[in-house]
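Working notes, beginning with the structure itself.
Below, each value reflects all heavy atoms present in this structure, side chains not excepted, and no hydrogens, waters or symmetry copies. Both counts, for ligands and for their atoms, begin at 1 and track the order of listing.
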Amino acid sequence: MIGKMDYMELDRLAQKIIKGQKLTDDDLRQLLSLTEEEDIQKLHYIAGKVRDHFFGNRVFLYSFVYFSTYCKNNCAFCYYNRCNDIQRYRLDMKEIHSICRALKNENIHMVDLTMGEDPYFHSEPQRFVEIVRTVKEETGLPIMISPGVMDDRTLSRLYESGADFLALYQETHDKELYAKLRVGQSFEERLHAREFAKKVGFFVEDGILTGVGNDIESTIKSLRGMQKNEPDMVRVMTFVPQEGTPLAQVDQESSLSELKIISILRLMFPDRLIPASLDLEGIDGMVHRLNAGANVVTSIIPSDSSLEGVVNYDRELEERDRDPKSVIERLKSIGMEPASQADFNKIIDNNSIRSSKAPVVML
Ligand code: SF4
């Protein structure tokens with residue numbers, strides 16, 4: 001087990017992972033059970049080595065545009081669930097055009113267009129297709145969409161209109177927990193949408209929540225569930241209790257579990273995109289997540305933006321430090337740097353993150 005390994009042995013283990021060694025369920029169990037700071041640092045060390053092998057010190061940056069905070073769903077963990085009595089907004093085309101102009105001058109690799117399952121767009125998907133086409137034409141950047149579950153025909157149209165990535169988080173692959181989190185929503189339809197999107201040509205992202213009633217066995221189910229779908233990008237985020245939601249009174253866990261899972265994701269998905277979200281603990285939290293093995297910074301919002309994040313650690317703060325300039329400065333201070341747009345486009349053009357299968361070997 002890694003607790004007893006010296007750094008030469010950790011290096012050797014990183015090399016084995018790079019060459020295709022897979023983690024068993026027992027390995028996952030042991031890694032998820034780590035509690036000693038020194039052991040967790042060793043886990044991060046291996047994950048960092050693996051990440052550096054595939055991506056060097058170069059990081060991808062995604063800009064986050066939450067263009068509608070309306071939603072017809074009732075997820076127990078989400079601030080924007082339909083039962084929460086909050087102020088909401090939906091951007092119009094004029095506002096989208098103005099965001100596109102701003103995005104052109106930003107140092108980012110992809111635009112993430114996110115909404116709740118807003119009936120305005122879900123009942124007339126053409127409206128969303130128009131937004132995707134406009135943002136693609138005006139920025140020329142790769143586009144990620146996070147619109148919730150959409151039907152096959154709409155997904156095909158969105159892909160044809162210029163969307164490159166579909167982000168659709170299962171949150172958990174433990175069906176019992178899913179029913180408590182994504183209340184009233186079909187587990188299978190969500191799986192199907194990701195599978196179909198992949199067949200059409202999308203790159204897909206899956207994600208899980210931690211600190212929301214998931215024990216080690218439930219987390220292993222989720223990690224294996226994500227693996228089945230062969231996503232191109234995998235994320236984990238710590239559950240943050242949101243005011244006005246059924247889970248508002250649940251105690252928030254520290255980010256320790258998330259950081260461990262980021263490292264484990266890196267060992268399970270060595271050459272995939274793994275985000276460090278700014279949405280949870282801002283720019284300091286970004287550094288911890290990159291040190292755990294992430295290679296993408298998400299939820300970047302221009303400094304003058306009033307748009308929402310999803311978790312919004314900074315909802316109450318006057319100054320938000322999740323603009324591209326602050327992110328890049330901090331990256332440089334830790335010896336990392338933004339990748340070039342050509343690096344990112346290469347991923348999309350060559351499907352280079354879709355790698356071959358490798359044998360299962362014990363740690
Ligand atoms: S997580 Fe998404 S689908 Fe669920 S309530 Fe929030 S915005 Fe709606």
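- Ser277 and Asp279 are not linked by any side-chain donor-acceptor pair at a separation below 3.5 angstrom, with hydrogens and angles left out of the test.
- One finds a salt bridge joining Arg29 and Glu217 here, because a Lys/Arg side-chain nitrogen approaches an Asp/Glu carboxylate oxygen to under 4.0 Å.
- Around atom 4 (Fe) of ligand 1, the protein atoms of type N, O or S that sit closer than 2.8 Å are Cys75 SG.
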Counting only pairs under 3.5 Å, give me each side-chain donor-acceptor contact of residues 165-172, with atom names and distances, residues two or more places apart or in other chains.
unit_1	atom_1	unit_2	atom_2	d
Tyr169	OH	Glu205	OE1	3.4
Tyr169	OH	Arg235	NE	3.0
Tyr169	OH	Arg235	NH2	3.3
Gln170	OE1	Arg194	NH1	3.1
Gln170	OE1	Arg194	NH2	2.8
Gln170	NE2	Phe187	O	3.1
Glu171	OE2	Arg182	NH2	2.8
Thr172	OG1	Asp174	N	2.9
Thr172	OG1	Ser222	OG	3.3

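- Among pairs with a residue in residues 126-136, those fulfilling salt bridge (Lys or Arg N to Asp or Glu O under 4.0 Å) read Glu124-Arg127, Glu130-Arg133, Lys136-Asp164, at least two apart in sequence or across chains.
- Note on Asp284 versus Arg330: salt bridge recorded, some NZ/NE/NH1/NH2 to OD/OE distance being below 4.0 Å.
- In this structure His109 satisfies the ring pair (Phe, Tyr, Trp, His ring centres under 6.0 Å) test together with Phe60, sequence neighbours excluded.
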